[in-house]
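Numbering of ligands and ligand atoms starts at 1, following listing order. The analysis underlying the following values was restricted to heavy atoms, covering all of them including side chains, and did not include hydrogens, waters or symmetry mates. Quick caveat, the model's predicted, so the values are computed rather than measured.
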Amino acid sequence: MVGKFENIVVGTGISGLVCGGYLAKGGQKTLLLEKDKVVGGRWHHLPMGNFTVVMHLPLIMSSLEGGFWAVAAKDLGADVRQRYSKEPRVFIDGDSSCMIDIPRIMSIPGVTDWSLDYLQTLCTEKLPADLRPELFKLWNDILSKPLLEMAEEYAELSLKEYFESRTSNPYVRHLFSSLSASMCFMGSAGLSWEYASAGKTFVMIRAWVAGEGSTVAPHPNLIEGIAQPFARAIEALGGEIRLQHTVEEVIVEKGKAVGVRVTSPNGEQIIYADRVIVTASWLQVEKLFKEVPADIQEALAKPKTIHRAGAFLVSLLDKTVSHEPGFVLVTDAKTGDNIGGIFNQSEELPWNSSAGKQLIWMYYLDDLEEIKKKDLDDLVAKKLNPILDRVYPGFLNTPKWQKFFYSEAASHNGLSGGHKVFAKSPDIENLYFAGDGTKPNYAAISDGAASTGMAVAKMILGLDKLGIL
Ligand SMILES: Cc1cc2nc3c(=O)[nH]c(=O)nc-3n(C[C@H](O)[C@H](O)[C@H](O)COP(=O)(O)OP(=O)(O)OC[C@H]3O[C@@H](n4cnc5c(N)ncnc54)[C@H](O)[C@@H]3O)c2cc1C
């Protein structure tokens with residue numbers, strides 16, 4: 001059929017860009033369809049008045065040849081611009097609040113000792129002496145396993161399932177559920193224990209605590225600094241990107257994906273292809289099918305019962321209170337829960353806020369129903385602003401403009417331990433899935449999403465090796 005594509009990639013988040021880029025480089029006629037006006041997907045930023053709030057610092061597993069999307073950028077010729085950001089710190093919020101650094105610790109004894117220090121700040125009692133050898137053994141297992149293997153093997157296990165067969169020590173649960181609550185953006189330590197993926201928790205810990213990864217500050221922001229260079233590279237390789245093209249349906253005939261039904265400013269059309277690769281986030285995937293494939297139904301069953309929300313408090317200060325620290329995870333000393341995180345954007349991306357002002361934002365994590373019951377002004381005044389003042393002394397007394405809003409935060413489902421959608425659909429022929437809720441996924445968050453795009457391209461191109469896989 002004239003004009004028929006070999007591949008249609010639905011979505012231009014980092015997974016779609018990496019996947020589409022490699023398929024185009026492999027010489028295949030590839031079309032990327034994006035419902036939004038820009039590429040980049042969830043890597044969005046918010047223009048607010050004269051400044052821009054950049055809500056992501058993409059993760060990069062720097063121990064793996066620089067990380068998946070960085071390797072893809074090199075392979076595809078995408079001229080991305082970014083620099084490493086500082087290691088995050090943990091602010092323990094309690095009677096004797098304190099800041100804990102996360103230095104790059106390379107050795108297993110070093111990580112063991114750091115984790116004991118972390119745990120001791122959460123516990124009023126002195127930790128038992130026999131905890132160290134037990135923790136050493138657990139860290140040894142976690143840190144010595146090859147990263148790609150570990151990310152995959154433990155991806156669909158919860159922390160509880162992973163540790164249950166190894167120990168019943170309550171200190172171990174307290175430590176790992178608390179670290180996971182902040183590093184997997186779950187908020188509640190209890191929820192993390194039951195629900196967070198052990199594999200993804202360990203990837204995040206290995207990235208930050210064991211020095212195997214980093215987050216990067218895009219220059220000037222995610223779209224212009226990273227996503228658009230990928231898009232230009234794809235077009236240079238012969239791929240085609242159509243923005244403002246919403247895929248309404250993946251067309252399935254006789255058990256095979258044959259194309260998509262699309263609406264765009266020009267109306268509705270059907271575009272045929274040999275294969276369809278869906279990278280829409282898990283929340284949007286089921287809408288694309290007349291009959292939702294069984295594998296997707298299974299993956300969505302659990303997340304649909306978990307209602308998390310993320311709230312954002314953006315503060316633009318009329319003067320600078322402090323240029324330190326960069327990204328701070330805030331943990332409740334009593335419970336080990338993660339309250340949220342603070343990002344001093346003026347420190348990491350100073351070019352995005354106006355001279356003489358300081359831009360700091362904070363996210364707050366909670367149960368969606370709980371947060372709906374709260375008086376948000378009260379939450380900001382009594383809880384969030386006082387935390388910000390402890391991290392940045394002088395914050396409360398500085399004139400500022402503030403905006404607080406919340407959104408559903410089912411955004412980090414890729415970090416949960418439940419069933420993931422398999423890259424090559426077991427239900428429908430010629431249908432593939434990439435994105436952070438799919439498997440195989442060899443890392444986490446942005447770099448994990450990039451790895452899924454690579455993995456799918458590799459399957460389609462029939463290559464033994466692509467990038468770092
Ligand atoms: C608030 C927030 C903060 C985060 N912070 C970080 C961070 O600091 N570091 C980090 O590494 N990761 C972070 N993440 C996670 C990271 O954003 C994701 O892991 C990553 O962007 C996922 O990429 P993706 O390609 O899988 O999906 P997406 O980026 O969601 O891409 C999917 C694309 O598909 C498009 N699409 C969907 N449906 C259709 C349709 N029907 N037709 C056409 N197009 C469609 C969407 O518009 C989108 O462009 C954060 C996520 C959120 C929400």
J.: Near Asp36, which atoms of ligand 1 are under 4.0 Å from a heavy atom of that residue?
T.: 47 (O)

J.: For residues Tyr162 and Phe202, establish whether the separation of their ring centroids is below 6.0 Å.
T.: yes

J.: Between Tyr118 and Trp114, what is the ring plane arrangement, given parallel below 30°, perpendicular above 60°, and tilted in between?
T.: parallel

J.: Is there a donor in the side chain of Asn352 and an acceptor in the side chain of His45, or the other way round, less than 3.5 Å apart?
T.: no

J.: Can you tell me how far apart CH2 (Trp43) and CD1 (Ile226) are? Round to the nearest 0.5 Å.
T.: 4.5 Å

J.: Atom 10 (C) of ligand 1: which of Gly453, Cys19, Ser446, Ser85 has the nearest heavy atom?
T.: Ser446

J.: Please could you name the atoms of ligand 1 that Gly435 approaches to less than 4.0 Å, counting only its heavy atoms?
T.: 26 (O)

J.: Work out whether the distance between some heavy atom of Thr215 and some atom of ligand 1 is less than 4.0 Å.
T.: no

J.: Just jot down the ligand 1 atoms closer than 4.0 angstrom to any heavy atom of Leu33, in number order.
T.: 43 (C), 44 (N)

J.: Is Ser15 close to ligand 1, meaning an N/O of one under 3.5 Å from an N/O of the other?
T.: yes

J.: Please name the residue in the list His245, Glu248, Glu268 that meets the side chain to side chain donor-acceptor pair (under 3.5 Å) test with Thr263.
T.: Glu248

J.: Taking only heavy atoms of Leu288, which atoms of ligand 1 are found under 4.0 Å from at least one of them?
T.: 41 (N)

J.: Taking atom 40 (C) of ligand 1 as the point of reference, which of Thr263, Val247, Ile445 owns the nearest heavy atom?
T.: Val247

J.: Decide whether the shortest distance between a heavy atom of Lys287 and an atom of ligand 1 is less than 4.0 Å.
T.: no

J.: Under 4.0 Å, heavy atoms only, figure out whether ligand 1 is touched by the backbone of Met55, its side chain, both or neither.
T.: backbone

J.: I want to know if ligand 1 touches Glu34 in the polar sense, i.e. an N/O pair below 3.5 angstrom.
T.: yes

J.: Check Leu59 against ligand 1 and report side chain, backbone, both or neither, counting heavy atoms closer than 4.0 Å.
T.: both

J.: Just do the side chain to side chain contact (heavy atoms under 4.5 Å, CB included) check on Ile8 and Ile277 with the steps written out, would you?
T.: CA-CA 6 Å; Ile8 288 176; Ile277 300 117; over 6 Å; no

J.: If you count the atoms of ligand 1 from 1 in the order shown, which ones are under 4.0 Å from a heavy atom of Ala280?
T.: 34 (O), 37 (C), 38 (N)

J.: Any idea which atoms of ligand 1 are less than 4.0 Å away from a heavy-atom of Trp43?
T.: 17 (O), 21 (O)

J.: Using the ring of each side chain (for Trp, its six-membered ring), is Trp208 parallel, tilted or perpendicular to Phe185, with breaks at 30° and 60°?
T.: perpendicular

J.: Do you know which of Ser85, Ser446, Ser62 makes side chain to side chain donor-acceptor pair (under 3.5 Å) with Thr215?
T.: Ser85

J.: Enumerate the atoms of ligand 1 whose separation from the nearest heavy atom of Gly13 is less than 4.0 angstrom.
T.: 25 (O), 29 (O), 31 (O), 33 (C), 49 (O)

J.: Of all the heavy atoms in Gly414, does at least one lie under 4.0 Å from an atom in ligand 1?
T.: no

J.: If you count the atoms of ligand 1 from 1 in the order shown, which ones are under 4.0 Å from a heavy atom of Ala449?
T.: 22 (C), 23 (O), 26 (O)

J.: Which residue from Thr279, Val10, Val262 reaches closest to atom 32 (C) of ligand 1 through any of its heavy atoms?
T.: Thr279

J.: Do Ser192 and Ser177 have side-chain atoms, one donor and one acceptor, less than 3.5 Å apart?
T.: no

J.: Are Lys400 and Phe395 in a cation-pi setup, meaning NZ or CZ lies under 6.0 angstrom from the ring centre and within 45 degrees of the ring axis?
T.: yes

J.: Do Val39 and Phe230 touch side chain to side chain, with heavy atoms closer than 4.5 Å?
T.: no

